[in-house]
Number of protein chains: 2
Amino acid sequence: MTESESATVDLEIIVQGTQEGKKLELRLWLRMLSTTKLISQEIRRRLRNEFGATLPQFDLMAQLYRERDGLRLGELSKRTMVTNGNVTGLVERLETDGLVLRVTPDGDRRVTVAKLTAKGETLFGAMAAAHEGWLRDMMADVDPAIVSELWRDIGAVKSSVSNHLSGADFD
Amino acid sequence: MTESESATVDLEIIVQGTQEGKKLELRLWLRMLSTTKLISQEIRRRLRNEFGATLPQFDLMAQLYRERDGLRLGELSKRTMVTNGNVTGLVERLETDGLVLRVTPDGDRRVTVAKLTAKGETLFGAMAAAHEGWLRDMMADVDPAIVSELWRDIGAVKSSVSNHLSGADFD
DNA sequence: GAGCAATATTTGAAATGTCAAAGGTTTGGA
DNA sequence: TCCAAACCTTTGACATTTCAAATATTGCTC
């Protein structure tokens, strides 16, 4: 490549958005992923140390907490973004710990509905309060206005992604 | 609770920032988590369908791709944010597939260094190119200026989180 | 030079994760 | 009515995940 060609290329890069423009989406994704991992690990560690629970269990219980009548396993699977087979084992273990109850409704015997027990509700209440505090602490250095902006803009990302999925997925 | 008390509470909520203000960090976290899961699942599906690879394998190979001399397993563990024990199995399977090579350097026999094989480099090159394209596609509806902003602001979140970890973690 | 702390990886147990196939149940025509 | 398609959950094979304990090696100290 001659010098003049090189200069031309550089100009084009600058015009198009400067190097970073090229892989912006990739860089955003890597940063989202590492940040999410960091926060997840911290929450996982605290849930384990303070409540003896796991993050997936917490997620599942969160869904049941706001649906006091319980949820079908398939519905739980959608809401937690966890596969059906996985939900089976998850609920199984929570039932063993007395936090969740499984019921088969009269109308349709294909269905299994999971509900929080009283013990489950109590435990989740405590975990949820702590969880919210942990997040506030972890994000304490971030301007609330920025937090708001992020919430909105990540919503836009989620929308875009939802509209460009290859599989049979949709939100 | 009387009606007047109830009204007072409502007013306070509004003054303080309207319901949403209260749990902003929690809401941001939930949205980050679900968005990350969504993107991860899409990438995982495509890696599997088009290359027969898994996301953790892809991540690990990405680190080795930019360090042609290889990396010690402990270093791989830090960079991929995966535990030591996990790296062992991951590298083991990649070695079985002929994508990665394990070497023990002369100087220190405690150490294992993993390197990409020629086959591994070729495969990863193809995966990386596709991967970048998938991300561009998925985020196609998001204004590049927003993507840039998100990259910066999520960096701020990551910083804040890093400074408020309970364990012996730091970045 | 013997022993002990520090370092690096592996191992083992338990939980989570995916996918595909298999099991029951319901439902809606023919 | 019967049966095939659709629906819901479970199962089984395998990969990934964490944590803690076990191994192996090095390096330092006395």
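Each chain gets a letter, A, B and so on, in the order its sequence line appears, and its residues count up from 1.
Following rounding to the nearest Å, B:L47 (CG) and D:dA15 (C1') show an atom-to-atom distance of 14 Å. Between B:R46 atom CZ and C:dC19 atom P the separation is 14 Å, expressed in whole Å. If you measure from atom CZ of A:R109 to atom P of C:dT25, you get 5 Å, rounded to the nearest angstrom. What separates CG of A:D108 from P of C:dT27 is a distance of 6 Å, to the nearest Å. The distance from atom CG of B:N49 to atom C1' of C:dT18 is 12 Å, rounded to the nearest whole Å. Taking atom CG of B:N86 as the reference point, atom P of C:dA13 lies 17 Å away to the nearest angstrom. What separates CG of A:L76 from P of D:dC8 is a distance of 14 Å, to the nearest Å.
Under 3.5 Å, the side chain of B:R110 and the base of C:dT7 form at least one donor-acceptor pair of N or O atoms.
Tested against A:E67 for a salt bridge (charged side-chain N to carboxylate O under 4.0 Å, His left out), the candidates A:R72, A:R79, A:K115 yield a single pass: A:R79.
If you check every strand for non-hydrogen atoms under 4.0 Å, B:G85 touches a base. Within the 4.0 angstrom heavy-atom criterion, no nucleotide atom of any strand lies near B:L55.
Of the listed nucleotides (D:dT11, D:dT17, C:dG17), D:dT11 has the atom at the smallest distance from the side chain of A:T88. The side chain of B:T112 approaches C:dT10 more closely than any other nucleotide in the set D:dT9, D:dC19, C:dT10. Comparing D:dT18, C:dC19, C:dA15 by their closest approach to the side chain of A:T54 singles out C:dA15. Of the candidates C:dA15, D:dT10, D:dT18, the closest approach to any side-chain atom of A:R102 belongs to D:dT10.
Summary of the strand contacts: B:E92 and A:D106 both lie near DNA chain C, and taking for each the nucleotide with the nearest heavy atom, the more 5' one is attributed to B:E92.
Contacts of residues 60-73 of chain A with DNA chain C (heavy atom under 4.0 Å): none.
Listed here is the closest heavy atom pair of A:W29 and B:T36: CH2-O, 3.7 Å.
In this model, the phosphate group of C:dT18 is approached by a side-chain N or O of B:Q41 to a distance below 4.0 Å at OP1 or OP2.
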